[in-house]
Amino acid sequence: MTGFARTRDGIVARFDPVENKLLRSFADQIIDLLSFDEMVDDVLPDESDGTDPFTHWAAEMANQWTLDDSDPLVRRLFPNAYADDPIAAEEFRHFTMDEQRRAKVRDARVVAAALARSRDGKRPVKVPPDEVDAWLKTLATIRLALSVRLEVVDAETEEALHYLPDDDPRSFLASVYGWLAYCLESLLAVLAQESRN
Amino acid sequence: MVFNVALPGERIHGMTTPNQTGGSTVVQQSPEATHLEAPVWITIVWDDPVNLMSYVTHVFASYFGYPRAKAERLMLQVHQEGRSVVSEGGREEMERDATAMHGYGLWATVEQQS
């Protein structure tokens, strides 16, 4: 039975090889989308020790290059915190976006590493307490990414995903989107059980 | 970033702050006033078509430490009314809360309580 469960040794996740591969691929895509460290390395001079102003500038520029606000996924993952105040909204993004981005990459890496340790699903994936949040957030992030790809904008378009004909080109991703909801529910159910005990 | 310099919990002497929604009103200072009404900021979580109700409830209980019943009530308010005020306090604190909500994939905004 795939999904999360409570065992004697704590929370474990079981995925079959296909599910394992799929989840790992999505985690890697999140990492690729949100990482810019490689780009920074390209622009840094070799002798930089990371503390000079040039490093800071390069990091800021790379940040602006890679996170494209016209991308609906970027807008959804890093939403506006001030609905009616564009100046405050811009300040907020300026101060928080980089840390947010790094946190999502860290969490996706936790999930990718855990899946890698499961040897393509041959072993259960252990989820220690300090990794639970990384799983919750990464599953949520992947679902958001899929929802943007599937052009879910409201309750109606979301609902429609559950009734796609098999030959609809979106039906594979829609079924993955549904499966991820099941995974997230199963982890939440395990956590809810634990908080009641 | 804005610094919140007001003294929390202090009210302008002799003035009441009626408000249908139960919040307090920020009032302009007269030069003789010796107390400052701390501007109250709120974090609002907005409904979205993607996040699961169980997930939203978990986030409210886990991050804010709300008891399950309160977390569920707030989640239902988001779901049924489109939005819910999930916390209140100083502006920086609300920005931290909104940031945390975004970290979980929820959509939150910050505004001054009216």
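A note on names: the letters A, B, ... follow the listed sequences, proteins ahead of strands, and every chain is numbered from 1. Just so it is clear, the structure is predicted and the values come from calculations on it, not from any experiment.
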Are there more than 12 heavy atoms of other residues, nucleotides or ligands under 6.0 Å from atom [atom1] of [X]?
X: A/Asp130; atom1: CG; value: yes
X: A/Arg76; atom1: CZ; value: yes
X: A/Glu99; atom1: CD; value: yes
X: A/Arg149; atom1: CZ; value: no
X: B/Gln80; atom1: CD; value: yes
X: A/Arg75; atom1: CZ; value: yes
X: A/Asp166; atom1: CG; value: no

Side chain, backbone, both or neither: which part of A/Asp133 has an atom under 4.5 Å from a heavy atom of chain B? side chain
A/Lys137 versus chain B, the contacting section by heavy-atom distance below 4.5 Å: both
Cut-off 4.5 Å, heavy atoms of chain A, and the answer for B/Asp48 is side chain
Quick one: closest heavy-atom pair of [X] and [Y], and the distance?
X: B/Val50; Y: A/Arg143; answer: O-NH1, 2.8 Å
X: A/Gln100; Y: B/Thr99; answer: NE2-O, 3.3 Å
X: A/Ala140; Y: B/Tyr104; answer: CB-O, 3.9 Å
X: B/Arg91; Y: A/Ala88; answer: NH2-CB, 3.6 Å
X: A/Ala155; Y: B/Pro49; answer: N-CB, 3.9 Å

Distance in Å, [X] [atom1] paired with [Y] [atom2], rounded so as to fall on 0.5 Å steps:
X: A/Leu188; Y: B/Tyr55; atom1: CG; atom2: OH; value: 8.0 Å
X: A/Leu136; Y: B/Ser62; atom1: CG; atom2: OG; value: 8.0 Å
X: A/Tyr82; Y: B/Glu95; atom1: OH; atom2: CD; value: 3.5 Å

Looking at A/Val152, A/Thr141, A/Asn80, which has the largest count of heavy-atom pairs under 4.5 Å with chain B? A/Asn80
Options A/Asp107, A/Leu77, A/Leu144, ranked by heavy-atom pairs under 4.5 Å with chain B, top entry: A/Leu144
Grouping I, L, V, M, F, W and Y whenever their side-chain heavy atoms are under 4.5 Å apart, do [X] and [Y] come out in a common cluster?
X: A/Val12; Y: A/Leu191; result: no
X: A/Val110; Y: A/Val125; result: no
X: A/Leu164; Y: A/Val153; result: no

ILVMFWY cluster membership beyond B/Val85 - transitive side-chain contacts under 4.5 angstrom: B/Ile42, B/Ile44, B/Trp46, B/Trp107
Pick whichever of B/Asp47, B/Leu106, B/Thr109 has the most heavy-atom pairs under 4.5 Å with chain A. B/Thr109
A/Thr96 and B/His102: CA distance, side-chain angles, deciding distance, side-chain contact (heavy atoms from CB on, under 4.5 Å) verdict: CA-CA 10 Å; A/Thr96 64; B/His102 293 174; over 6 Å; no
Proximity of residues 179-186 of chain A to chain B, residues having a non-hydrogen atom under 4.5 angstrom: A/Ala181, A/Leu184, A/Glu185
